[in-house]
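Accompanying notes for the structure given below.
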2 protein chains.
Amino acid sequence: MLHKTIEPSKKDDIKEIVKQYFTEYLIQHEQRKTPERYAILDKIYSWKGHFDIDMLYDLMKDDYRVSRATLYNTLELLKDCNLIIKHQFGSESTQYEKSYNNIHHHLICTKCKSIKEFGDENIKKIIQSKPLGGFKVINYSLYAYGLCAKCAKASNSITPNKGK
Amino acid sequence: MLHKTIEPSKKDDIKEIVKQYFTEYLIQHEQRKTPERYAILDKIYSWKGHFDIDMLYDLMKDDYRVSRATLYNTLELLKDCNLIIKHQFGSESTQYEKSYNNIHHHLICTKCKSIKEFGDENIKKIIQSKPLGGFKVINYSLYAYGLCAKCAKASNSITPNKGK
DNA sequence: TTTGTTGCAAAACGTTTGCAGCCTC
DNA sequence: GAGGCTGCAAACGTTTTGCAACAAA
């Protein structure tokens with residue numbers, strides 16, 4: 001269950017690992033191993049942080065040009081094999097992010113819309129220890145909504161627990 | 001911090017509580033208290049489970065007709081004051097859900113796309129105990145991706161930890 | 001009375017689709 | 001060689017926008 005955590009010293013291997021994993025997935029699902037798909041996977045795992053379709057399109061352009069349709073198609077594949085995660089923050093366009101060896105969570109300020117990341121190993125333990133009716137968790141993501149330090153200070157905004 | 005948990009016996013009060021909370025929010029943000037907004041809030045808190053714009057539009061029609069534009073506008077407001085949560089499961093249309101006294105999480109099968117809910121009080125404890133750099137968490141939601149019991153059994157599908 | 005909010009319809013935007021040609025298998 | 005995959009452009013559906021009328025403050 002759950003993606004492995006790779007030690008920093010082995011970080012260079014990650015691209016190779018995900019590539020192999022993707023290959024196995026494609027074989028199992030009888031899908032073709034096209035150079036476009038590998039180029040996209042490689043680009044995603046070379047990029048730290050969130051990206052959207054346009055950003056990925058621009059990033060790839062120089063290296064290995066693919067159409068938007070192929071990007072959408074491949075991102076769907078990578079999502080289905082749990083190598084990327086899809087986020088919909090606020091009203092921005094859909095964001096994606098590599099997810100192998102990259103589990104972390106997001107704090108989203110409902111006032112200024114800022115997004116901050118945080119990690120927590122304890123959540124992992126909880127998920128791994130819960131039975132969940134036979135569901136095999138491979139990947140997960142938590143979104144916490146509220147007020148960032150700055151907005152919390154700026155406003156004496158009400159919260160559902162006001163006066164408690 | 002965090003939405004209160006209301007005992008079952010007090011469940012009838014919830015609509016009243018969220019209405020008051022919404023009123024305070026509108027006053028604080030100098031927005032008008034229109035009947036449309038309250039009618040929408042009431043309808044949402046009368047509904048158990050997920051809904052999308054069209055479903056809400058149809059649900060409201062009989063009771064208090066509002067335009068789609070107003071639904072979008074009001075859902076945005078309710079999201080900003082943490083009374084609803086927005087989900088983007090797979091390729092379905094955007095789903096919403098009341099979030100006051102309704103914190104739970106989602107198991108999403110990447111194979112059959114089924115969605116199952118689960119609750120966990122331990123996650124709440126972790127979030128409440130972490131400092132998070134001054135971020136005030138009001139609401140949160142966890143999405144776990146993987147294989148549901150049925151799909152896990154059906155396939156000897158590879159996972160990132162295959163052979164481990 | 002002022003100005004934010006609503007409803008309507010049109011516009012905009014991200015994503016999906018159909019099809020011809022290409023390239024894995 | 002067959003059929004899946006790609007690129008392109010058109011189509012689609014959801015969300016946003018502009019504007020006039022309305023109503024909360």
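This structure is a prediction, so every number in the text was calculated from the model and none was measured. Order of the sequence lines fixes the chain letters, A, B, ..., with proteins taken first and strands second; residue numbering starts at 1 for each chain. The basis for the numbers below is simple: all heavy atoms, side chains too, and nothing from hydrogens, waters or symmetry mates.
Along DNA chain C, the nucleotide nearest to R32(B) and the one nearest to R65(B) differ in position, and the one closer to the 5' end is contacted by R32(B).
One finds no side-chain N or O of N73(B) lying less than 4.0 angstrom from the OP1 or OP2 phosphate oxygen of dT5(C). Considering only side-chain N and O atoms, Y72(B) lies under 4.0 angstrom from the phosphate OP1 or OP2 of dT15(D). Between T34(A) and the phosphate of dG4(D), there is no side-chain N or O to OP1/OP2 separation shorter than 4.0 Å. Note on S93(A): every side-chain N or O is 4.0 Å or more away from OP1 and OP2 of dC13(C). Taking 4.0 angstrom as the limit, R37(B) places a side-chain polar atom (N or O) nearer than this to OP1 or OP2 of dT5(C). Note on T94(B): a side-chain N or O is less than 4.0 Å away from OP1 or OP2 of dT15(D). Within the 4.0 Å cut-off from OP1 or OP2 of dG4(C), not a single side-chain nitrogen or oxygen of Q31(B) is found.
For the residue pair Y145(A) and S99(B), no side-chain donor N or O sits within less than 3.5 Å of a side-chain acceptor on the partner. A donor atom on one side chain and an acceptor atom on the other are found under 3.5 Å apart for E97(A) and H87(A).
Looking at the side chain of T70(B), the nearest of the listed nucleotides dA25(D), dT6(C), dT6(D) is dT6(C). Closest to the S67(A) side chain, of the nucleotides dG7(D), dG7(C), dT15(C), is dG7(D).
Side-chain heavy atoms closer than 4.5 Å link hydrophobic residues (I, L, V, M, F, W, Y) into clusters, and following such links, even through other members, never connects I85(A) to L147(B).
Judged by distance alone with a 3.5 Å cut-off, no donor-acceptor contact links the side chain of R68(B) to the base of dT14(D).
Between H50(B) and H106(B), the angle of the ring planes lies from 30° to 60°, which puts this pair in the tilted group.
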